[in-house]
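Keep in mind it's a predicted model, so treat the numbers as computed, not measured. In what follows, chains carry the letters A, B, and so on, assigned in the order in which the sequence lines appear, proteins first and then strands, with residues in each chain numbered from 1. Note that these values count all heavy atoms, side chains included, but never hydrogens, waters or copies made by symmetry.
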Protein chains: 2
Amino acid sequence: MTTQSERATMRGGHSVTMTDVAERAGVSTATVSRVLNGNYPVAQATKDAVKRAIDDLGYTANAHARALASSATHSVGIIVNDLVDPFFSYIVRGVEQEASTTGRLCIVAASQGDVDREIELIDRMISQRTDAVIVVGGAYDDAGARRRMAERARALAGIGSTLVLCGRPSVGDKAPTKIVGYDNEGGAFAVTEHLISLGHRRILYLGGPVGLSTSVARLAGYRRAMQSRGLDVPTELVRQGAFGRRFGHAEMSEILASKLDVTAVFAANDLVAAGALDAMTAAGVRVPEDISLVGYDDIPQSSELTPKLTTVHVPLEEMGRESVRLALSQDDDAFGRHADGEIIIGTRVVVRESAAAPAATPWASRR
Amino acid sequence: MTTQSERATMRGGHSVTMTDVAERAGVSTATVSRVLNGNYPVAQATKDAVKRAIDDLGYTANAHARALASSATHSVGIIVNDLVDPFFSYIVRGVEQEASTTGRLCIVAASQGDVDREIELIDRMISQRTDAVIVVGGAYDDAGARRRMAERARALAGIGSTLVLCGRPSVGDKAPTKIVGYDNEGGAFAVTEHLISLGHRRILYLGGPVGLSTSVARLAGYRRAMQSRGLDVPTELVRQGAFGRRFGHAEMSEILASKLDVTAVFAANDLVAAGALDAMTAAGVRVPEDISLVGYDDIPQSSELTPKLTTVHVPLEEMGRESVRLALSQDDDAFGRHADGEIIIGTRVVVRESAAAPAATPWASRR
DNA sequence: TTGAAAGCGCTAACAA
DNA sequence: TTGTTAGCGCTTTCAA
């Protein structure tokens, strides 16, 4: 039972297969499979022979053949708007980390916020039979999109996989999805409350795409906080548009130029806050002495702004990790917190330097 | 030849296969395959029947079976240090974009800068038979790692795939890799030259891991520029350590406290520059009035710092796109610029606001 | 502890 | 224009 021949080596282009290994080791492919997977007893000597053959031949198992035969792909899919936006990239990092920890590879795709593309990408991941498909980020209120998404959730459930909505509202009660969310409304309420307690009355809500679930909820939290303190929210105090630094900068510049009377700004996310801060600094407006500023998400760079940004902490990486854990957990694990297929992660206000009591003389009324 | 039966629908858990579709449409699987791939003529009526069956059944092709039968995976792999670092995430974005444009999915993995893990990840991608494996970022001078990498390059070539080194030096002449690089030494030379022309003589080189190819090259460019102008580079003017905001901040704070006599700082990358800028701002040092500052990479947020950072532009996203194009291009495309399997992308100094002529009285000597 | 053999779901000659 | 028939490379009973 020694090595048989050399002919299996380097068959031009034609890659080395398990049959080649079996032949060289003088065993059957079944045995090779067994030593590879270590799921059945194999004699030590046989094991060694096989390992040697694998080394000699430079064999690397074909994951597709494996997936086909065993219907286990060891992969997860994740779909985000934009790979460069820190909100998404931290979540992707968490997903990749957890996937990797559980021996899985991570297929990522960017939808650019396009609903059709998102659905198409989910379909491609269904094709790949990934163990989970994680869709990240807010969505617009669109019954059609929800229906199509629910269909995919069913298709995934049908192949033993799971659709996870990460930071996105449910697509319907009966859809077999799992959800990893965080409290947008509550966080917005809390941080607005914080500003009000500091003494602010004229608080501007800045940014967030109109109608996107995330911003809708944040705006709602802001409104509820204002109303619960008997404060009015006239239309000029709400300026929606986008999530992004550029938007924050442009809009804030305009607002400062218009001398709108506000003593604090609640930016819909940290990127908008960073842009707004730039605009204020450029205009000579001091934060927080002249105008207070808060954000949302607590992306790491927020604590590196000058002044450090007061914001609402969202554990992005943890949400990513939790998304894959939840997807992979068995539904019948009745004792775990996962039992109901939905996790709502708590948020909390992180008080740093960018918000303080309003000045005696509002900035807008000076000069 | 109308639909035969309903029994194929919803076979619990057991997903819908091409056979189910064929049966329902009353054709053979070969025909189904043909309408799916559109690579052979099929009668319109047949086509319609098949499409209807696909819809009715909610069929989604199994990518693994497809890959196994056709040995075409339509996927690319990319390995980076960290998905959250803008240097890498912009490259990943470019790769994902180009992959997506060419109908491919993108498998991403993070190595955390660990060489063994990187090799392991490449092996997993070989298992996946991706059309290309793109390894991003500098490397340490390590013959062993280079040899193992060269082995993988050969393995990939053996299965008709390609190893692309993106922003990383060659692993040996005979290794069948393709390279997408950019000029670290030249860019560093140019930006140092820029500072010297402005009148600076005491220029600090800050950051970059010791021995990492990227920082080695940047430091070399800096040294060459200094020497070509007859300027000394005493050891206290070179402070290496890491690529990262935190490092830039900590190191710069210390340097300011030590009152080291410098009029300009060349940060090894923009992240280090951003950290250094923070430290300077916090210490009341004005940029560029008191000390000039330049970076490297030109990540988009660099133009949003205050002051806007003068730096060396590296087209990160483009490098990502180019990596997949190069990998996918045929070697025998003798007319293209790809013919030699290596692309060196040009870099250029972007002059913005953070570097100016030195002050008459150096900051360090005041008070 | 090992081998033989039947698939997994699809593609691609080869015929018809 | 369509069907038949081999595989692709692996896993997994079932026997031995």
Fill in the blank from the handout: Asp82(A) and Phe88(A) have their tightest heavy-atom pair at O-CB, 3.3 Å
Fill in the blank from the handout: Taking for Ala65(B) and for Thr46(B) the nucleotide of DNA chain D with the nearest heavy atom, the one nearer the 5' end belongs to Thr46(B)
Exercise for the section: Would you indicate what Val27(A) reaches in the nucleic acid, counting non-hydrogen atoms under 4.0 angstrom: base, sugar-phosphate, or nothing? Expected result: sugar-phosphate
Exercise for the section: Figure out the NE2/C1' separation between His74(A) and dT11(D), and round it to whole Å. Expected result: 12 Å
Problem - Considering all heavy atoms, the nearest Ala22(A)-Thr29(A) contact - result: CB-N, 3.7 Å
Problem - Polar side-chain atom of His64(B) near backbone of Ala65(A) as donor-acceptor pair, under 3.5 Å - result: no
Exercise for the section: Could you tell me whether the phosphate oxygens of dC14(C), OP1 or OP2, come under 4.0 Å of any side-chain nitrogen or oxygen in Tyr40(B)? Expected result: no
Problem - Nucleotide nearest Thr17(A) (side chain, heavy atoms from C-beta), chosen from dA12(C), dC10(C), dG9(D) - result: dG9(D)
Practice task
Give the rounded distance in Å between these two atoms: CG of Leu36(A) and C1' of dC10(D).
Solution key: 10 Å
Exercise for the section: Would you mind reading off the distance between Leu68(A) atom CG and dG9(D) atom P, rounded to a whole angstrom? Expected result: 12 Å
Fill in the blank from the handout: Taken to the nearest whole Å, CD1/Ile54(B) to P/dG9(C) is 16 Å
Problem - Whole-Å gap separating C1' (dT1(C)) and NZ (Lys47(A)) - result: 11 Å
Exercise for the section: Determine the contact category for Ala61(A): base if any of its heavy atoms lies under 4.0 Å from a base atom, sugar-phosphate if only primed atoms, P, OP1 or OP2 are that close, otherwise nothing. Expected result: sugar-phosphate
Completion exercise
Val42(A) has its side chain closest, among dA4(C), dT2(C), dT11(C), to dT2(C)
Problem - Short side-chain N/O contact from Ser70(B) to OP1 or OP2 of dT11(C), under 4.0 Å - result: no
Exercise for the section: Taking only Lys NZ, Arg NE, NH1 and NH2, and the carboxylate oxygens of Asp or Glu, determine whether Arg325(A) and Glu322(A) approach each other closer than 4.0 Å. Expected result: yes
Problem - N or O in side chain of Ser28(B) less than 4.0 angstrom from dG3(D) OP1/OP2 - result: yes
Practice task
Figure out the CE/P separation between Met18(B) and dG3(D), and round it to whole Å.
Solution key: 13 Å
Practice task
Check whether the side chain of Arg34(B) and the base of dG3(D) form a donor-acceptor pair under 3.5 Å.
Solution key: yes
Problem - Nearest-Å distance for atom pair CG/C1', residues Asn62(B) and dG9(D) - result: 14 Å
Exercise for the section: Mind checking Ser71(A) for me? I need base, sugar-phosphate or nothing, with any heavy atom below 4.0 Å counting as a touch. Expected result: nothing
Problem - Asp48(A) CG to dT1(C) C1', straight-line distance once rounded to whole Å - result: 15 Å
Practice task
Answer with base, sugar-phosphate or nothing: what part of the nucleic acid does Thr31(A) contact at a heavy-atom distance below 4.0 Å?
Solution key: sugar-phosphate
Practice task
Would you indicate what Ala43(B) reaches in the nucleic acid, counting non-hydrogen atoms under 4.0 angstrom: base, sugar-phosphate, or nothing?
Solution key: sugar-phosphate
Problem - Shortest non-hydrogen contact between Met319(A) and Gly167(A), atoms and distance - result: CE-N, 4.1 Å
